[in-house]
Every structure is written in C-alpha cells, then in structure tokens.
Student: 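Have a look at this one before I ask anything.
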2 protein chains.
Amino acid sequence: MATIIDVAKLAGVGIGSVSRVINGKGSVSEKTKQKINNAIEALNYKPNNSARSLVSKKFNTIGIWGTELAGTFNSQTLRVIDHELINHGKHCLVTNGDISTKDNPNAAIQSVDDLISKGCDGIIFWGTDISNYDITYIEKYYPNIVLLNNHIQQIDEKCFYFDHYRAGYMAAQHLVDNGHKSIACITGDLKTEDGRQRHQGFLDSLNDNAVAISPEYIVEGDYSFLKGRQSILDLLKRDLGFSAVFCGNDKTAMAAISTLVINQIRVPEDISIVGYDDYDMAAFTSPSLTTIRVPFDDMALAAVRYLLNNLYDLNLTIQHNFQVELIQRNSVKNIS
Amino acid sequence: MATIIDVAKLAGVGIGSVSRVINGKGSVSEKTKQKINNAIEALNYKPNNSARSLVSKKFNTIGIWGTELAGTFNSQTLRVIDHELINHGKHCLVTNGDISTKDNPNAAIQSVDDLISKGCDGIIFWGTDISNYDITYIEKYYPNIVLLNNHIQQIDEKCFYFDHYRAGYMAAQHLVDNGHKSIACITGDLKTEDGRQRHQGFLDSLNDNAVAISPEYIVEGDYSFLKGRQSILDLLKRDLGFSAVFCGNDKTAMAAISTLVINQIRVPEDISIVGYDDYDMAAFTSPSLTTIRVPFDDMALAAVRYLLNNLYDLNLTIQHNFQVELIQRNSVKNIS
DNA sequence: TTTATAATTGGAAACGCTTCCAAAAATTTA
DNA sequence: TAAATTTTTGGAAGCGTTTCCAATTATAAA
C-alpha cells in the first residue's frame, strides 16, 4: 500500500502539499496539484483511514444502535439511512442493542460504549429500548446523538419522532366515523413507549366520542403474527359482538384478518379492521388493509441529516413535523 | 480521554506492560497486572481503535456489501450476522451496493473500495448483484471475502449458498405429486442468478415428470407484491385453465392468493399455490402458504464464521450443506 | 553462595496521517 | 529596481498504539 510519502516522493513535493491536495484545503498551485494527482493515480494511493482518524479525531462513520433491526421497515429505514450516509461519503456501523441487553443490566450502555470506542462520530438511537436515563447519561459525555422514533424532552431537538398518540387517535376516530360503537383492540407491545401512546390515543378518541370500551375488549399484543392470531381468537371466544378491531400494527391486523377468514367471519362485512404502519404488504391482503401510514423514512432521513449537519458542517435541509396519514382501503365497513 | 501513557504513569509501569495487559499477550506479573487494571478502571481508559488499527492493521470490523438490504429476511439475516460479530467483539459496517451502481458502471467496485479503505478486515458479499468478474478481481487483491447466496466456482470454499435449482425442482415436484398437470409459474427476478436457477429447477422437474408447460404459462415476476398481482391477473386473462401456480417467492405468492380471492377464485380448491422462501408471514395468510423454506440464517452464520475463523484465528464450527425444506401448509390441493 | 536460566519490564521506533510554522517563491506595490 | 506582501511549500511534531529488544529482576540449579 502506497503511503503519502510515496506519493510525495514520486511527485517530487513535500507531504504537506499532498495532504493539502487530498483534503482540498490550504493553497496549492495548479501545477503541483497536477503532479500530485498524477502520482496518486499512478500509485493507486488511498489514504489510510486509521491514521487520518488518529490525528483528526473524525471517523466518517455513524453508529446505529437499535434493537429492532429485524422488522420490515426497519430494514427499509436502514437502507434510507445508509443511502444518505454513503451519498456524503460516510459509512454506517450497526449494532443490535438487544443481544447483549439480556445478559447483564448494564449491557445497553456497554454496547453503546463499544460503538463509540469503535469510532463513530455520532450515533442514531433507534427505538425506545434504551432507558431515558441511560440516554441522557450518554448524551452528557457524548452529545452527538439523535433519537429515532423516541422522544426525551430534555434533548428535544435531537429527537425525530411523530405523534403516536395522535395516530392512534386517528385510527379510532375513523372507526367511530364509520358508525362503529363496539370496538375491540389488540394493542401493540405495551412495553414500548410508542405502543402505549398509540393505545392511549385510541382510548381517548373513543372516550371523546362517548364510545364505551371495557377492558375485556382489549388484548395486549406484541406486534407478531402469532400473537395477533392468538389475540383475535381470544377476543372471539369472549363473544362480545364487536364490529371492529383496532390492531397495534399491520402484522397483527393481517394475522387477525386471516384468522377471521378461516373462521368464516368476513372482513369487513362482519368485522372491520384497522391496522397501523402501512407495511408494504398492507395493500395486498384480501381485503386490503385500512391503516395508518407512519413516516418512518422521513424521520430517519431527518435524523441522519441532523447528525450530518452537526458533525461535518453541512447544511442539508431537514424536515420536521412528520405527517401521519390514514390510508383508506377495504377493511373497514361503514355501518352507520 | 486517557491514553495508554496516562495509565502507565498512574500505575507506575511502562507502556509496554499496559499494552500487554490490554491485549492479554506477553507475560506480566500478577502484581503489575493488578496495578494496571486498577489504573484502567480509575481513568476509564479505552484503547484508541485508530491507533490500534494503524499499527496492527486489524480493524475488528467486517463489511457487508449488498443490494438487498431491504428485503424481509435480509434484515433478519443482518441481525444474525451482527449478533455473531458482536459476540466476538467485532462490528459490522454496512453498505448498500445498489445505490451508487446506477450512476456509473464501475460503481460496484468503487463502493467496495470504499468499504475496504474504510477499514474492514473482510467483506461479506451478499447476493448476486455484483458480477463474478468483479468479485474475482477483488478477491485477488483482497482475499478475505465470502459470498452469501452466491457461488463462483473458482472460490468455491468462500461461497455459502444452497441449491436453488433443487429447491425449484422440489416445489414443482410437490405440485406434480399432488396430481397437477397444468401448472403456471410466476418466476422470480430472472435477472438474478438464483431466480434463474429456481426457475430452471421448476422447468426440469416438470420435464422429468413428463408434464408439459408452454411459454404462455410463464410470467416473469420481480419478487414484489405489485408485480405478483399483475402477473396473476395476466395469467388469468390468458384463460389457460391451470390448476396450480408456482411463485418465485412468498411475496408473489401472497399477492397471487389475495388477488385470486378477490376475483372469487378459491385457493386451493380452484387453484393451488406454492411459494418460495418461507417468509415469516407465510404461515399466517389464508390459506396458509405451502412453500420452500430456505436456510438463509444458517448460511449467513456459516459465512460470518468462516470469515471470523480466518481473520481472527478462531475455530468456530461451520455448517455446510444447507437444507432446503418443503413446508406443507394449506395452499396446495391434491387433485389426483 | 554463585551461576545459569527464565520471567518480567521499560521504552524507542514505527504505523501514516494532519497541522503548524518558518522558509522560499511568486506577486504586487512603490 | 527594491521592498512589501501574498502565495506556496517542505517537513518536524504529534496523534495513541504495538512490537521489539535490551535490561532488569526473579527463580532454579549447582
């Protein structure tokens, strides 16, 4: 591997000039610039990143800390992030936070420390699986972080999230608007903050519309197909006669639909279903799923850009106010 | 940030000893080891990775080059890879190869070069979107690579793949075994090697079983829901009277099922469907999907381990011969 | 006790870069 | 033309490690 010294020798200049050319800062005459570029070409010289980072303290790498890498959008979102990063000559280092978390209580911080000491200029914390306490602690000594789909008031401007409460509210409202008065719910994972918020939004909407809902109409799900199936079965067994179900995510909704169909219950004729996420498959189920589209990609893009701007002195435009949208398809029937 | 010199000073020893303790090699007396560890603790010392890599030429990072980061399993697979890496104190650097590929023809190599010069000890090439020519070229000057779901004879031992041909064959065989004689096919993306192989397996199986299939029974898909829907509609319009459809992946199969159902065609009573992948949702469609389970996770694990063993002198067990399996659910009817 | 051997130790050199500064060259001004 | 100013240049110092080797210390053998 050629080094900067080799380049300097071949070009017949000093290493300072080579460095200046590589980094495009400091003045170099056109003539020497030419010579140096020729030498770089000839030697196929690539700057050594370790040496660079050692002195500059920049790594051109962003870490992604998350526990949900395996979800469907999550991979799409990862792609969005990576794309933007690569466009600006940066890279992304991924860490699955959950893995170690199970072993010892301190593992979340441990894995973040790993990420930092591996050499990231900043970190995207994805999701709510790290405690606010831990994050604020980390943020103190390592301020270049951003939260994706999470919100902590103290570091508000570093948070990129949308209003799950309002989204849940919208979903319920849609059901009410379509004349439903007896509504069941398979929640998302209530151990997650966003799961709780959307559930609360759902509840409050019903309440504001004077639609009663008692606890036996609610089953706690966990976002999985399997749990979705079990939950709808559970609900059915209770024989409550509801006309609609709000599901905490589209996977749950799909599992519910297929289970209902198997049990000779028609969707939406007998029971209406609203999902949440607008999962890529939602448009292709039968019936296609009415759901809440959630602006993950926009959020992710804004989050990376925030980091990019702050870290590398760029000036990318950043979207705020991510819009949640109700996507009306065919799983809700108007019964009013 | 404390450096090794600070630690040495505080512990009252030389930097050599500190280095030996950190790396656990070379002999250090129990007593000094103790002093050093105390100092490390007291200063919250973390070795600087750039400095380390600069001299050791090791990065403890594996690159993942792929163009399919957004598929469903792909994210699950990524998780498997990351998990294994973290377990061994390594990290993973991700690059979406496709992004730049569109711009200029040389972009694939360019993005790989980026990855390498960013500092990866090895690279996992995921999928077939980089040409064999490029890979063999890269492998010459950068031998620590592994292919995932791809195969190039010259570097056979670095390839972790399974037999898509056989898998396609199995799918068709299952249909034949269930008495189907008029079979349609929505292929996978025939621009990919594995898409072509499974299609060929399908074709050959029919041929071996003396089941005729003419070109109008075949539509080329691209693995997406949308194309799956269009394709089945297309097939239906041709009015061929087939009793079964082999789909190039589960997404296509699901789109086909839902589209058939919408059009009052029952699955499997009127038309049987076989998918490919065993996507996590396949068990939860209605009807649940008979499909080919494909050993992605096993392959991925073996691939990382191969790299890990070679790069860091480990001795992890590596699985070979990944088993493809037919998962019989409810989308195929026996009509014999 | 002395000598031979083994274990431990400290620190200089090197890794390849950026940054800084003084010196040299080019340009402008008088 | 000379002096003042600006631009360009070379390379030493320093970033924080690992590695090596010579020196020291501990241990075993005689």
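Just so we're on the same page: letters track the sequence lines, and every chain starts at 1.
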Student: If the helix axis at each end comes from five base pairs, how far does the helix from C:dT1-D:dA30 to C:dA30-D:dT1 deviate from straight, to 10°?
Tutor: 40°

Student: Less than 4.5 Å apart, any side-chain heavy atom of B:V304 and any of B:V80?
Tutor: no

Student: Roughly how many Å is it from CG in A:N60 to P in C:dT18, rounded to a whole number?
Tutor: 11 Å

Student: Please determine if a side-chain N or O atom of B:S17 lies less than 4.0 Å away from the OP1 or OP2 oxygen of C:dG10.
Tutor: yes

Student: With a 4.0 Å cut-off on N to O distance, would you call A:E84 and A:K90 a salt bridge?
Tutor: no

Student: What's the verdict on side-chain contact (heavy atoms from CB on, under 4.5 Å) for B:V294 and B:F162, showing C-alpha distance, side-chain angles and the deciding distance?
Tutor: CA-CA 8 Å; B:V294 130; B:F162 65 91; 3.3 Å; yes

Student: Given C:dA26, is OP1 or OP2 found less than 4.0 Å from the side-chain N or O atoms of A:S29?
Tutor: no

Student: Specify the separation, in whole Å, of atom CG of B:N49 and atom C1' of C:dC17.
Tutor: 17 Å

Student: What orientation do B:W65 and B:F125 show, parallel under 30°, tilted 30 to 60°, or perpendicular over 60°?
Tutor: tilted

Student: One pair to check against side-chain contact (heavy atoms from CB on, under 4.5 Å): A:T32 and A:S17. What are the steps and the verdict?
Tutor: CA-CA 8 Å; A:T32 31; A:S17 299; 5.6 Å; no

Student: Is any NZ, NE, NH1 or NH2 atom of the basic residue among A:K46 and B:D113 found under 4.0 Å from an Asp or Glu carboxylate oxygen of the other?
Tutor: yes

Student: Using a cutoff of under 3.5 Å, can you pull out all pairs of nitrogen or oxygen atoms linking the protein to nucleotides 4-7 of chain C, with atom names and distances?
Tutor:
none

Student: For A:V28 and B:K31, take the nucleotide of DNA chain D holding the closest heavy atom to each; which residue's nucleotide lies nearer the 5' end?
Tutor: A:V28

Student: Write out a two-atom table: protein N or O, nucleotide N or O from nucleotides 16-21 of chain D, distance below 3.5 Å.
Tutor:
residue : atom : partner : partner atom : Å
D:dT17  : OP1  : B:Y45   : OH           : 2.9
D:dT17  : OP1  : B:N48   : N            : 3.1
D:dT17  : OP2  : B:I4    : N            : 2.7
D:dT17  : O5'  : B:Y45   : OH           : 3.2
D:dT17  : O5'  : B:N48   : N            : 3.4
D:dT18  : OP1  : B:N23   : OD1          : 3.1
D:dT18  : OP1  : B:N23   : ND2          : 2.9
D:dT18  : OP1  : B:R52   : NE           : 2.9
D:dT18  : OP1  : B:R52   : NH2          : 3.4
D:dT18  : OP2  : B:S19   : OG           : 2.7
D:dT18  : OP2  : B:N23   : ND2          : 3.4
D:dC20  : N4   : B:R20   : NH2          : 3.4

Student: Can you see whether B:E193 engages B:N150 through a side-chain donor-acceptor pair at a distance of less than 3.5 angstrom?
Tutor: no

Student: Does B:I86 form a side-chain contact (heavy atoms from CB on, under 4.5 Å) with A:S111? I'd like the steps, not just the answer.
Tutor: CA-CA 9 Å; B:I86 290 176; A:S111 70; over 6 Å; no

Student: Could you state the CD-P distance from A:E30 to D:dT9, rounded to the nearest angstrom?
Tutor: 10 Å

Student: Would you mind reporting whether B:N309 and B:I318 have side-chain heavy atoms less than 4.5 Å apart?
Tutor: yes

Student: Might you work through the side-chain contact (heavy atoms from CB on, under 4.5 Å) test for B:F322 and B:Y161, ending with a clear yes or no?
Tutor: CA-CA 8 Å; B:F322 308 105; B:Y161 61 99; over 6 Å; no

Student: By the 4.0 Å heavy-atom rule, please label A:T32 as base, sugar-phosphate, or nothing.
Tutor: sugar-phosphate

Student: What I'd like to find out is whether the side chain of A:H91 reaches to under 4.5 Å of the side chain of B:L115, using heavy atoms alone.
Tutor: yes

